[in-house]
Amino acid sequence: MKYNPKKIEPKWQDVWYETGVFKAKNGSKKKKFYVMVEFPYPSGDGLHVGHCRSYTALDIIARKRRMQGYNVLYPMGWDAFGLPTENYAIKKGVHPSVITKKNTETFRTQMKSLGWSFDWSREIDTTDPKYYKWTQWIFIQLFKNGLAYKAKININWCPSCKIGLANEEVVAGNCERCGAKVEKREKDQWMIKITNYADRLIRDLDSVDYLEKIKTQQKDWIGESHGAIVKFPVEGVEEFIEVFTTRVDTIFSGTFLILAPGHNFIEKHKGKIENIEEVLKYREDAKNVSDMDRTNQDKDVTGVQLKGILVRNPATNEEMPVWVADFVLEQYGSGAVFADAHDKRDFKMAKKYGIALRTSIKPDDELLWQKVKNLEECFEGDGTLYNSAQFDGLKSAEARPMIITWLSSKGLAQPKVSYKLRDWVFSRQHYWGEPIPMVFCKKCASTGGSAQAGWQPVGEKDLPVKLPNVKKYQPTDTGESPLSLINKWVETKCPKCGEDAKRETDTMPNWAGSNWYYLRYIDPKNSKKLVDESLARYWMPVDWYNGGMEHTTLHLLYSRFIFKFLWDIKAFPTSIGSEPYKKRTSHGMVLGEGGIKMSKSKGNVINPDVIVKQYGADTLRLYEMFMGPFEQMIPWDTKGVVGSRRFLEKIWNLSQKIYPVIRPGTPSNDGVELRKLLHKTIKKVGEDIELMKFNTAVSSMMEFVNAYQASSEGLDKKDLSDFLKILSPFAPHLAEELWSNSGQKELCCEQKWPKYDEKLIEEENILLIVQINGKVRDKIIAKSGLTQKEAEKLVLKSEKIQALIGKSEVKKIVFVPNKLINVVI
RNA sequence: GCCCAAGUGGUGGAAUGGUAUACACGAAGGACUUAAAAUCCUUUGAGCGAAAGUUCAUGCGGGUUCGACUCCCGCCUUGGGCACCA
């Protein structure tokens, strides 16, 4: 019989999914293991070969853990709210939920055809009202705890998509989705105070097992810096301008002050600024320049002086002029900086506009200092203070805390930690998202007094606030959500006072649903609670979470934040800790042939269905594991796929070559060697899976099969079944078929992971490498464990080596046990 | 500009201080076949050599070491991230 994956693969998939072997069991006495992959956005394009890579990798881990006796939860679901579906709906006039249903069906069928061991009974869908009820519930908790607030702010506005974008969604000043140039626009937006958690989001990284580069990226994104707020008194007014600085050691060289164009000092003191028209014009121009362009180093520095305004340097008590410049950002620090010769932008600006400059830091390099002193070059590093009164002679690092203490004793400074991270814009003016469950009541607003007054959360018993049906899905021209056009839905009663009120018509961003989905898999059908306490206690945290590097600063950070918030409000037992993921790894992208990104426009997209149809799911799984290191980007190579298929066929054909009984008597040398190799392979495959070195795990199995093929003997039944067990996470269908063919009644995927025999792995003989001056000159077979003396004897006896040494003097002999001997002459 | 990865045959890659090029693809030759496909066998980093051998080669230049793809210093290139964060 020929290997025919088309026949055997669907057969075993039916067996697995019908018998429910992959179902995670609640209330089990076994140790749990929760493995998770990022759930996909079910796009109309179907499954990508990139999904296949990471889903197979974690499937291998899930399958291995089951075989190791764990109660494994490996779930799957759909992150189905989002713009592509909405855009398709706009174009074709089909309801997004219809498209979503169709797409998820395609995805599910494709996924089942790959034999991934997901527990399909726990499937979730973020667009299901039963699911988003709880996404809305979380929003209400954020609101009640003061972490959700409405604010009129300058937001990033995409004129093409007609939505506000989070800072994180703006790529190089353009909209992440459509590429249009992002503008600034003032809008009332729901904001989430993720910044309250900045410190914990950094600190708690120490307690989790994430790849180092993931930790680094998150830390950089949050961008913690330690410094001080320094107060600059304004002449003629009882007021200060506050400046955040990390370089308080340079305070004595501060000769002018720069404000961000949007700094509220300007608005407040309009009357005092002599050239206010010019300043306001500058502010208007700055509004439509992206932060990235504003802070671009190659760009020419621009600025305008606030004529009529002077401040005093709190250290030197000298007068300083005040300027505005767009490279100073409103949102960072206090939106103001003091300027001196120790910052390149300040330096450039002072030279351009003829503002006085002074230096106060001496670099160690004498030559450089000459230039710095003469204001020919800007020095930004740490050095030794001069021109700094009582602090002269101190190093920058020791001076900083002393200067802060000195200034704060005068009430002019205080230490401060600042973050790059900004609050999260949570409103979207779109249809296909979770409605924000808030109601605005005029009556409550008039009596409330506070800025948030009038906003009332929908009562929890009235959740979910379901998306109403609309005829048109596109956002309105005014930028409001299409929901705003449905008067019947918008008009409601205030949950607090019962008067006429209006619903919030904005929806949530697509990360809202993925913030907490790991909790829902645990208890997907609970209509009373977010998650059952005892189930959460058993299953959380996620033991191993894999996803793309591109989600490190978005989804991964947001979901850690939301979990910490839920922990704080005790939405689940706090004993499970405040980090949702114990371990986080990431996969490399699968590129198109030739190393370019796969895309429809380039026509280089590989459809996994085609590969499954032509070669089989096991071949696709195996190939994607074999193609290269898991965390590395890798180009697809269709020609390479046949290698994996050939390997599986070899196994199929060789499985006929079994000894029906345990080898009688002493097996031949050949047989012993083969068994030794098998045990080495068991060891290697097991270890490589843990390290995600799937490529070398596959190649070691290939080596074993090659040796098996070359051997004159067969394997006995025990050895064959051990091999099938280690193969089964990679090629589960083939393993299952051969397992059953060999007369086994149970399923291969339910077997115990095999143990290797230490004794069989120990070598009796080793290959001793003989070097002279570090160059390989000979290889001798020797007894394992031989001593240096024995080795020396052996080597010096060798004619070949003797000839090479000749009359030279042996200076030294380096010996590495069981490996190498190096004669230095 | 800053930060982080990576650079090895024709190609994907292996080796993390000790035999550089495992495994796989591709290519060439052969066996089987009327023929082709499939399969199997052999060869396959480059140079010199009839062979035994031997020299060179892991982006480039130095260094440490008995010994370096691996560690250190300086550069180049590619990919990713960030945007002068005061």
Side-chain angles (χ1 to χ4, degrees), chain A residues 2 171-173 212-214 216-217 219-221 223-225 227 230 243-248 250 254 258 260 290-299 301 327-329 331-340 342-346 348 380 418-421 549-550 552-553 588-589 591 593-595 622-623 626-629 631-644 646-647 649-650 653 693 695-706 709-710 767-779 811-825:
Chain A
K2 268 187 81 176
V171 177
E212 214 43 54
K213 61 177 174 180
I214 295 175
T216 310
Q217 213 172 302
K219 280 180 194 162
D220 286 353
W221 189 264
E224 184 179 72
S225 51
V230 181
V243 164
F244 173 72
T245 179
T246 55
R247 289 302 305 276
V248 75
T250 65
I258 312 173
S290 72
D291 286 359
M292 195 186 140
D293 288 338
R294 280 169 63 171
T295 53
N296 186 339
Q297 186 167 307
D298 298 332
K299 194 197 72 162
V301 178
F327 65 77
V328 178
L329 302 177
Q331 307 94 316
Y332 186 76
S334 59
V337 300
F338 74 83
D340 60 20
H342 295 294
D343 180 284
K344 279 198 180 121
R345 294 156 307 162
D346 302 349
K348 233 169 154 179
E380 289 189 306
S418 207
Y419 298 95
K420 272 198 272 186
L421 187 71
M549 272 316 274
E550 70 276 16
T552 305
T553 51
M589 239 200 301
L591 300 171
E593 298 206 40
L622 202 77
Y623 170 67
F626 180 61
M627 65 199 301
E631 72 288 352
Q632 200 175 292
M633 266 207 268
I634 218 106
W636 178 270
D637 178 21
T638 299
K639 271 191 258 160
V641 178
V642 299
S644 299
R646 281 182 197 150
F647 170 63
E649 273 177 16
K650 244 185 232 180
N653 296 334
K693 290 169 75 175
N695 53 334
T696 49
V698 173
S699 68
S700 70
M701 287 191 280
M702 285 174 167
E703 281 176 75
F704 172 73
V705 169
N706 289 344
Q709 187 170 35
L767 192 65
L768 186 73
I769 305 304
V770 185
Q771 295 184 333
I772 291 179
N773 289 350
K775 291 205 169 182
V776 181
R777 293 297 161 181
D778 203 2
K779 296 162 193 179
K811 279 189 187 156
K812 191 174 168 184
I813 294 179
V814 181
F815 178 67
V816 183
N818 288 340
K819 226 166 212 170
L820 165 144
I821 182 158
N822 186 12
V823 183
V824 186
I825 56 174

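Letters A, B, ... are given to chains in the order of the sequence lines, protein chains preceding strands, and every chain is numbered from 1.
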Separation of A:I821 atom CD1 from B:rG17 atom P, in whole Å? 22 Å
Taking atom types as modelled, find out whether A:K650 and A:N706 have a side-chain donor-acceptor pair closer than 3.5 angstrom. yes
Side-chain N,O (A:K779) to OP1/OP2 (B:rU19) below 4.0 Å: no
Looking only at side-chain atoms of A:L329, point me to the closest of B:rA86, B:rU19, B:rC23. B:rA86
Figure out the NE2/P separation between A:H342 and B:rA86, and round it to whole Å. 16 Å
Using the C1' atom on both, measure B:rG49 against B:rC56 and round to a whole Å. 15 Å
So what does A:V824 touch, heavy atoms closer than 4.0 Å: a base, only the sugar-phosphate, or nothing? sugar-phosphate
Rounding to the closest angstrom, what is the interatomic distance between B:rG62 and B:rA68 at atom C1'? 14 Å
Students often get this wrong, so: under 4.0 angstrom with heavy atoms, is A:T246 touching a base, only sugar-phosphate, or nothing? sugar-phosphate
Separation of A:M701 atom CE from B:rA24 atom C1', in whole Å? 14 Å
Under 4.0 Å: is that the gap between some side-chain N or O of A:R777 and OP1 or OP2 of B:rG53? no
Considering only the C1' atoms, how many Å lie between B:rU39 and B:rC48, rounded to the nearest integer? 38 Å
Touch class at under 4.0 angstrom, heavy-atom based, for A:M633 against every strand present: sugar-phosphate
Rounded to whole Å, please give me the gap between CZ in A:F338 and P in B:rA86. 11 Å
Which of B:rC25, B:rA14, B:rG18 is nearest the side chain of A:D637? It is B:rC25
Need to verify one output field. Residue with the more 5' nearest nucleotide on RNA chain B, A:D346 or A:G774? A:G774
Reckon A:Q771 touches a base, only the sugar-phosphate, or nothing at all at heavy-atom distances under 4.0 Å? base
Whole angstrom value for the distance that separates P of B:rC3 from NZ of A:K219: 17 Å
Given B:rA20, B:rG12, B:rC82, the nucleotide with the shortest approach to the side chain of A:I634: B:rG12
Could you measure between the two C1' atoms, the one in B:rC69 and the one in B:rG80, and give it in whole Å? 23 Å
Enter the distance from A:I821:CD1 to A:I769:CD1 here, rounded to the nearest 0.5 Å. 12.0 Å
Residue-phosphate contact under 4.0 Å: A:Y419 side-chain N/O, B:rC85 OP1/OP2: no
With a 4.5 Å cut-off on side-chain heavy atoms, are A:F647 and A:Y623 touching? no
Which nucleotide in B:rG13, B:rA86, B:rA24 has an atom nearest any side-chain atom of A:V328: B:rA86
Candidates B:rG12, B:rC40, B:rC25 - which lies nearest the side chain of A:K650: B:rC40
Rounding to an integer number of angstrom, what distance separates B:rC60 and B:rU8 when you compare their P atoms? 10 Å
Of the nucleotides B:rC85, B:rG13, B:rA86, which one has an atom closest to the side chain of A:R247? B:rA86
Closest to the A:P635 side chain: B:rU55, B:rG12, B:rU19? B:rG12
Taking atom C1' in both B:rA22 and B:rC71, what distance in whole Å separates the two? 24 Å
Ignoring backbone atoms, test whether A:S225 places a side-chain nitrogen or oxygen under 4.0 Å from the OP1 or OP2 oxygen of B:rA86. yes
Atom CE of A:M589 and atom P of B:rA5: how far apart are they, to the nearest Å? 18 Å
Does A:D346 reach the side chain of A:F338, with side-chain heavy atoms less than 4.5 Å apart? no
Taking the C1' atom in each of B:rC75 and B:rG7, what is the distance between them to the nearest angstrom? 14 Å
Look through every strand shown and name the nucleotide pairing with B:rG26 as Watson-Crick or G-U wobble, where both distances are under 3.5 Å. B:rU44
Examine the base of B:rA24 for any acceptor or donor lying under 3.5 Å from a partner atom in the side chain of A:R646, and report the outcome as yes or no. no
Below 4.0 Å: OP1/OP2 of B:rG18 and any side-chain N or O of A:N822: no
Is the glycosidic torsion of B:rG63 within 90° of 0, making it syn, or is it anti? anti
B:rC23, B:rG18, B:rU39: which one has an atom nearest the side-chain heavy atoms of A:E649? B:rU39
Complement of B:rG1, any strand, by Watson-Crick or G-U distances under 3.5 angstrom: B:rC82
Could you check A:G333 against A:K775 and say which one's nearest nucleotide on RNA chain B is further toward the 5' end? A:K775
Watson-Crick or G-U wobble partner of B:rU33, both distances under 3.5 Å: none
Taking the minimum atom-to-atom distance to the side chain of A:N695, which one of B:rC23, B:rC25, B:rG13 wins? B:rG13
Quick one, A:N695 and A:M627 - any side-chain contact, counting heavy atoms below 4.5 Å? no
NZ (A:K219) with more than 12 external heavy atoms under 6.0 Å: yes
Taking OP1 and OP2 of B:rG13, is either one under 4.0 Å from a side-chain nitrogen or oxygen of A:Q632? yes
Base, sugar-phosphate, or nothing: which does A:K639 touch, judged by heavy atoms less than 4.0 Å apart? sugar-phosphate
Between A:D343 and A:R345, is the closest basic N to carboxylate O distance under 4.0 Å? yes
I need the CG-C1' distance between A:D343 and B:rC85, as an integer number of Å. 10 Å
Heavy-atom distance under 4.5 Å between the side chains of A:W221 and A:T552, does that happen here? no
Rounded at 0.5 Å granularity, tell me how far CG in A:N818 sits from CG in A:L768. 8.5 Å
A:K693 side-chain proximity, nearest of B:rA15, B:rG13, B:rG12: B:rA15
Does B:rC40 have OP1 or OP2 sitting under 4.0 Å from an N or O in the side chain of A:Q709? yes
Using a heavy-atom cut-off of under 4.0 Å over every strand shown, decide if A:K811 touches base, sugar-phosphate, or nothing. nothing
In whole angstroms, how far is the P atom of B:rG12 from the CE atom of A:M627? 12 Å
To the nearest 0.5 Å, what is the distance between NZ (A:K420) and CG (A:L329)? 11.5 Å
Which part of the nucleic acid, if any, lies within reach of A:V776 when heavy atoms closer than 4.0 Å are counted: base, sugar-phosphate only, or nothing? sugar-phosphate
Rounded distance in Å between the C1' positions of B:rG12 and B:rC76: 25 Å
By the 4.0 Å heavy-atom rule, please label A:E212 as base, sugar-phosphate, or nothing. nothing
